[in-house]
Amino acid sequence: MNRLALAAALLASAAAAPLAAETRRIEPAQGAAALQEALILAAPGDVIELGAGRFTLTDGLSLDVDGVTLRGQGEGKTILDFTTQEGAGEGLLVTSDNVTLQGFAVENPKGDGIKSKGADMIVYSGIRVEWTGGPKATNGAYGIYPVESTGVLVTNSMVSGASDAGIYVGQSRDITVSENIVTYNVAGIEIENSRNALVENNIASRNTGGLLVFDLPGLPVMGGGNVILRENVVSDNDTPNFAPPGNIVASVRRGTGVLVMANDGVLIEDNAFENNPTAHVMVVAYLQKFDDARYNPYARNVIVGPNSFGRGGDDPQLEGKEMLLAAFGGALPPVLWDGIAQGDTGLRIAEGVTGWTLSLKTPGQSIAEASPGPLMLTPIETWEFPEVGAPAALEARLK
Amino acid sequence: MKWPAALLALSLATLGGVMADARLTAPPVADAAITGTAFPAKLSEFGFFADGARQVPAARVYPYALNTPLWSDGAEKLRFIYLPEGMQLIADGEGLLQFPVGAAILKTFAFGEGAERRLIETRVLLRRADGWVALPYRWNAEQTEATLALAGGRIDLVTPAGEAISYAIPNKNQCKTCHASSNKVTPIGPKARNLSVRWMGDMLKAGKLDRLPPGGATMPVWAGYTAKSPAEPFARAYLDVNCAHCHQPGGGASNSGLDLRWEQSDPHAFGIGKRPVAAGRGAGENEFSIVAGHPDESILLYRMASAAPGIAMPELGKASVDKQGVAVVGRWITEMDQ
């Protein structure tokens with residue numbers, strides 16, 4: 001109580017005469033309330049430093065002050081432990097702009113790990129979100145979850161065990177997701193209903209699906225596109241799907257490297273694919289019925305450039321698997337397209353890229369009507385694609 | 001739970017004798033505490049109550065009730081509006097009443113009946129010059145004072161339904177999680193459609209409300225629900241009051257695309273045949289927010305009927321399940337045309 005009174009007094013004086021940005025350090029021994037108070041009482045520009053050790057939290061934390069840096073001693077040293085969480089939909093909720101989250105771990109949140117909503121110009125760096133019991137349907141949905149934001153950088157972070165997506169960026173713009181490691185999630189990284197996203201130099205391994213780029217109907221923000229997947233390692237994504245059935249990712253086949261669903265403009269180049277047993281790359285229209293005049297269900301202007309395609313497609317989770325494997329000589333070629341094109345905006349491939357198509361015609365058409373066959377597209381030699389990614393100021397913040 | 005019903009019958013002019021005496025002798029509300037920039041450490045610094053433990057309001061602090069209230073683990077809620085001298089509420093159609101700078105809204109949460117009643121917390125919304133500020137105050141065991149609880153807190157208690165729960169007092173940010181529209185703090189409760197004609201009439205007569213708004217008092221009185229009541233207005237009112245502060249455009253759950261406001265008329269927007277977006281395991285085995293005729297396949301009801309964090313909705317302010325709420329919304333879904 002004394003601390004509360006002191007905190008209130010501090011705030012009163014801060015409000016009366018704004019102080020210069022300061023650094024406040026919170027140690028695990030001070031407890032969850034001290035940490036939450038510090039987040040509430042922070043002034044714009046402040047740094048809240050978390051000491052090494054384990055904070056035990058029974059409720060979600062939240063930050064609603066612009067320009068705050070929340071910095072731990074490293075993802076292996078400062079741990080926010082939500083194993084005994086009793087309330088709130090996520091471990092940490094950020095609703096303010098220009099926030100930097102750095103160097104701490106969130107373990108076993110009951111819902112999502114870290115959610116930032118309407119939080120522009122946010123940086124996640126050196127964060128770990130982990131469900132330590134391994135992949136389970138009872139784990140929370142998203143690990144790192146920025147949504148409805150402009151300017152997002154997620155870098156040098158790790159997520160493991162998410163029952164939906166490890167790193168999920170939704171309904172946002174100007175995004176970079178780089179140098180992260182995502183393992184044992186249903187989806188490693190998912191870019192959904194978002195524009196201008198660069199996903200590069202990540203490792204996505206042992207998920208059900210590695211990298212997902214979705215555009216879905218019925219949401220406040222739609223029209224996803226201008227997404228580049230570049231220089232990622234996408235390997236061994238062979239974990240059986242453990243998502244709760246109602247979710248869109250529950251339809252992802254075990255062994256998918258990259259899955260593009262709908263969207264306008266996706267470039268997939270210079271990635272290394274290895275041992276994704278269903279398909280290294282899958283490009284499809286939106287599958288389900290929808291009632292939304294604003295929505296375009298086609299995958300348009302998707303380019304599969306040069307990539308390194310290792311072993312894969314040799315144990316696909318697909319109907320008619322045995323027949324398909326026999327037809328293609330024991331393994332399916334790396335790119336699977338449903339064949340559904342809107343005008344001349346259908347899939348394009350670079351020289352040397354091989355694949356197969358379901359030869360479907362319209363979004364939502366039954367897969368029973370597929371007539372699988374080799375992909376017979378004329379390779380393109382050059383292509384233009386816009387530069388995308390987070391504003392340079394976000395990367396600069398980490399230097 | 002008797003207080004809100006009793007309150008409906010209690011006109012502003014007929015406060016009991018003891019209450020009236022206390023109100024006459026109490027010092028006036030400290031306007032500077034409301035309009036200043038600080039967060040007062042003690043609830044008593046505002047002077048909202050002539051007798052805090054008995055929740056006897058000071059002068060110009062007006063009790064009110066909502067037709068359909070937000071359910072919070074069965075807590076008894078005592079609601080008050082403070083208006084500075086000479087000021088009044090401005091009606092804005094069926095929507096939220098407009099409050100002058102210097103006004104305040106109070107809500108005290110209590111458990112237990114009669115002499116056993118214990119005040120747990122009083123949540124305060126202050127209308128300052130630059131907008132609303134939300135602050136939680138936690139009552140002490142002696143019931144003599146409530147202290148600012150910026151970081152919230154937890155308290156073990158037994159609900160009226162007999163369930164032992166860990167009750168969560170929200171932290172200041174969590175106040176905003178519900179009380180936010182387009183990232184600004186805003187009141188939720190006192191909308192004309194959810195207030196009684198009688199209360200608005202009394203306020204009008206006292207000069208504390210500028211007019212009786214058209215569209216007022218249209219939401220049903222939840223306490224009057226019976227098996228013969230039509231399910232739809234009760235269910236829609238319940239969802240508006242308990243869910244729509246987040247589930248609306250600009251609200252905390254806007255990215256879900258689910259809009260549970262009373263005025264939303266598009267069935268897909270309020271959940272029928274709508275697929276989840278970020279529900280995670282909150283979806284259970286189900287594919288749609290609402291499946292007409294099938295409450296057992298509807299995510300919305302599944303989450304209402306759960307108290308497990310990560311599944312339960314609402315995410316805040318709920319540690320147990322509102323069985324009546326589940327029953328009414330379930331009946332509404334059951335009776336829908338398929």
Side-chain angles (χ1 to χ4, degrees), chain A residues 1 4-5 7-9 11-12 15-16 32-37 39-41 58-64 85-90 93 95-96 109-112 117-118 137-142 145 147-148 163-164 168 170-171 192 216 218-221 243-248 288 291-292, chain B residues 36-42 138 140 147-154 165-166 168 170-174 176-177 180 182-183 249-250 252-257 268-269 273-288 299 302 308-319:
Chain A
M1 256 187 226
L4 274 177
L11 190 103
L35 172 52
Q36 181 57 69
E37 274 168 36
L39 294 174
I40 289 170
L41 294 170
T58 54
D59 281 280
L61 298 166
S62 54
L63 172 62
D64 189 40
Q85 186 175 6
E86 295 181 62
E90 57 282 308
L93 174 66
T95 48
S96 48
K110 290 293 190 285
D112 303 312
K117 179 169 185 292
T138 51
N139 292 348
Y142 301 134
Y145 177 12
V147 65
E148 291 185 345
S163 68
D164 198 304
Y168 169 97
Q171 302 179 51
E192 186 174 284
L216 304 179
L219 297 187
V221 178
N247 295 275
I248 186 81
Q288 293 163 329
D291 178 19
D292 188 337
Chain B
T37 54
F39 300 162
K42 308 282 185 193
R138 178 177 187 159
N140 60 12
T147 306
L148 182 63
L150 281 179
R154 283 191 170 270
I165 62 165
S166 171
N171 70 50
K172 179 173 175 290
N173 286 352
Q174 289 173 327
K176 188 180 167 186
T177 304
S182 300
N183 214 28
S254 60
N255 59 299
S256 70
H268 186 267
K274 183 191 173 302
R275 292 181 186 279
V277 178
R281 65 197 180 98
E285 304 285 311
N286 309 305
E287 291 184 41
F288 301 98
I299 294 170
Y302 173 72
I311 298 173
M313 283 284 165
E315 289 180 343
L316 299 176
K318 166 180 171 174

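Because the structure is predicted, anything quoted here is derived from the model rather than measured.
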**OP:** Name the member of Pro220(A), Gly140(A), Ala141(A) that forms the most heavy-atom pairs with chain B at distances under 4.5 Å.
**Re:**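 That would be Pro220(A).
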
Original post:
Which one of Leu216(A), Asn247(A), Asp164(A) has the most heavy-atom pairs closer than 4.5 Å to chain B?
Top reply: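 Ranked by contacts with chain B, first place is Asn247(A).
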
Check each atom of [X] against the heavy atoms of chain B and say whether the ones under 4.5 Å are side chain, backbone, both or neither.
{"X": "Gln171(A)", "result": "side chain"}
{"X": "Leu35(A)", "result": "neither"}
{"X": "Ala137(A)", "result": "backbone"}
{"X": "Thr58(A)", "result": "both"}

Original post:
For Asn139(A), does its backbone N or O pair with a side-chain atom of Ser163(A) as donor and acceptor, under 3.5 Å?
Top reply: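 The answer is yes, because a donor-acceptor pair under 3.5 Å joins these two groups.
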
Subject >> Check: Leu150(B) main-chain N/O paired with Gln36(A) side-chain donor or acceptor under 3.5 Å >> reply: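 Side chain of Gln36(A) to backbone of Leu150(B), a donor-acceptor pair under 3.5 Å: no, none is there.
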
Original post:
Mind checking what makes salt bridge (charged side-chain N to carboxylate O under 4.0 Å, His left out) contact with Asp291(A), not counting sequence neighbours?
Top reply: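 By the salt bridge (charged side-chain N to carboxylate O under 4.0 Å, His left out) rule, Asp291(A) matches no residue at all.
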
I need the residue from [options] with the largest number of non-hydrogen atom pairs under 4.5 Å to chain A.
{"options": "Gly152(B), Pro170(B), Ser254(B)", "answer": "Ser254(B)"}
{"options": "Lys274(B), Arg275(B), Lys176(B)", "answer": "Arg275(B)"}
{"options": "Pro309(B), Gly310(B), Gly317(B), Gly284(B)", "answer": "Pro309(B)"}

Less than 4.5 Å to any heavy atom of chain A: does that hold for the side chain of [X], its backbone, both, or neither?
{"X": "Arg281(B)", "result": "both"}
{"X": "Lys318(B)", "result": "neither"}
{"X": "Asn286(B)", "result": "backbone"}

**OP:** Report yes if some heavy atom in the side chain of Thr95(A) is under 4.5 Å from a heavy atom in the side chain of Ser62(A); otherwise report no.
**Re:**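 A side-chain contact is absent here, since even the closest heavy-atom pair is not under 4.5 Å.
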
Original post:
Parallel, tilted or perpendicular for Tyr145(A) and Tyr168(A), by the 30°/60° rule?
Top reply: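 Rings of Tyr145(A) and Tyr168(A): perpendicular, as their planes differ by over 60°.
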
Subject >> Any residue meeting side-chain contact (heavy atoms from CB on, under 4.5 Å) with Ala168(B), in chain and number order, not counting sequence neighbours >> reply: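 side-chain contact (heavy atoms from CB on, under 4.5 Å) list for Ala168(B), sorted by chain: Asp59(A), Arg154(B).
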
Subject >> Atom CD of Gln288(A) with >12 non-hydrogen neighbours under 6.0 angstrom >> reply: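 Enclosed.
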
Original post:
If you look at every heavy atom in Ile299(B) and Pro276(B), which pair is closest and at what distance?
Top reply: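 It is CD1-CG, 3.7 Å.
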
